[in-house]
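Numbering of residues begins at 1 and proceeds along the displayed sequence.
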Amino acid sequence: MFSKIMVPVDLRHEEQLTKSLDVVAKLAKIYSARVVFVGVSLAAPTEISRNPEEYKAKLELFTQEQSDLHDIDAESHPIFSVDPTADLNKKLLDAIDEIDADLILMATHVPNVSDYIFANHGNYISDHADISVFLIRG
C-alpha cells in the first residue's frame, strides 16, 4: 500500500516526535516501506548547526539512530531555505515529488487559538498534498 513514507522532522524538538516516530516505524514494517526523514533548515548558522554540512550530518545521525532503534530502512533528505518559517509548507510539498513519497506522516499539536492566526503546517500539507497525510498528535 505504501512504499515510501515522508516524515518531516524538526531536530529542535526531537522529544516531541516520539509518538510519531513509533507510528512510522510500525507502518514501515507493516508495508516494508522506506522512511525518508525530511528536515528544513537555514543555510546560515542556527541553534542546531553552524552550516549546511553540519545540519546534513545531524539529520543523517538522527536517521541512522531511528533506523537502528526501530530496525527500519530509512534515509535523510535535508532541505535548505532562506526563510524556513515562510517556506516550510512549499518546501515540504516540493519534497513529496523529489523523494517520490506516497504517504506523509507528521507530528502535530492540538489546535489552539494561535492556529486561527498562524497556519498549522500539518493542516496546510493535508489540504494541499496529492498523497495521503497522517497527522499524529503527541
Can you find a heavy atom in the side chain of Ser67 that is under 4.5 Å from one in the side chain of Asp73?
no
Is any side-chain N of the basic residue among Lys56 and Glu60 closer than 4.0 Å to the acidic one's carboxylate O?
no
Evaluate the criterion side-chain contact (heavy atoms from CB on, under 4.5 Å) for residue pair Gln66 and Phe37; output intermediate values, then yes/no.
CA-CA 10 Å; Gln66 293 305 309; Phe37 292 106; 3.9 Å; yes
If you apply the rule side-chain contact (heavy atoms from CB on, under 4.5 Å), what do you find for Asp83 with Leu88, and how did you get there?
CA-CA 8 Å; Asp83 185 357; Leu88 184 64; over 6 Å; no
Using the rule given for side-chain contact (heavy atoms from CB on, under 4.5 Å), can you reason through Leu92 versus Val38, listing the C-alpha separation, both sets of side-chain angles and the distance that settles it, and then say yes or no?
CA-CA 8 Å; Leu92 292 177; Val38 175; 4.0 Å; yes
Can you name the nearest heavy-atom pair linking Ile72 to Ala28, along with the distance?
CG2-CB, 4.0 Å
From Leu103 CG over to Phe2 CZ, what is the distance, rounded to the nearest 0.5 angstrom?
4.5 Å
Indicate yes or no for a side-chain donor-acceptor contact from Lys29 to the backbone of His70 under 3.5 Å, with no hydrogens or angles considered.
yes
Crowding at NZ, Lys26 (>12 non-hydrogen neighbours, <6.0 Å)
no
Is there a side-chain contact between Val133 and Tyr124 in this structure, where contact means two heavy atoms from C-beta onward sitting under 4.5 Å apart?
no
Do any N or O atoms from the side chain of Lys91 and from the backbone of Ser81 form a donor-acceptor pair under 3.5 angstrom?
no
Would you please test Ile131 and Ile96 for side-chain contact (heavy atoms from CB on, under 4.5 Å) and show each step?
CA-CA 8 Å; Ile131 64 174; Ile96 296 167; 3.7 Å; yes
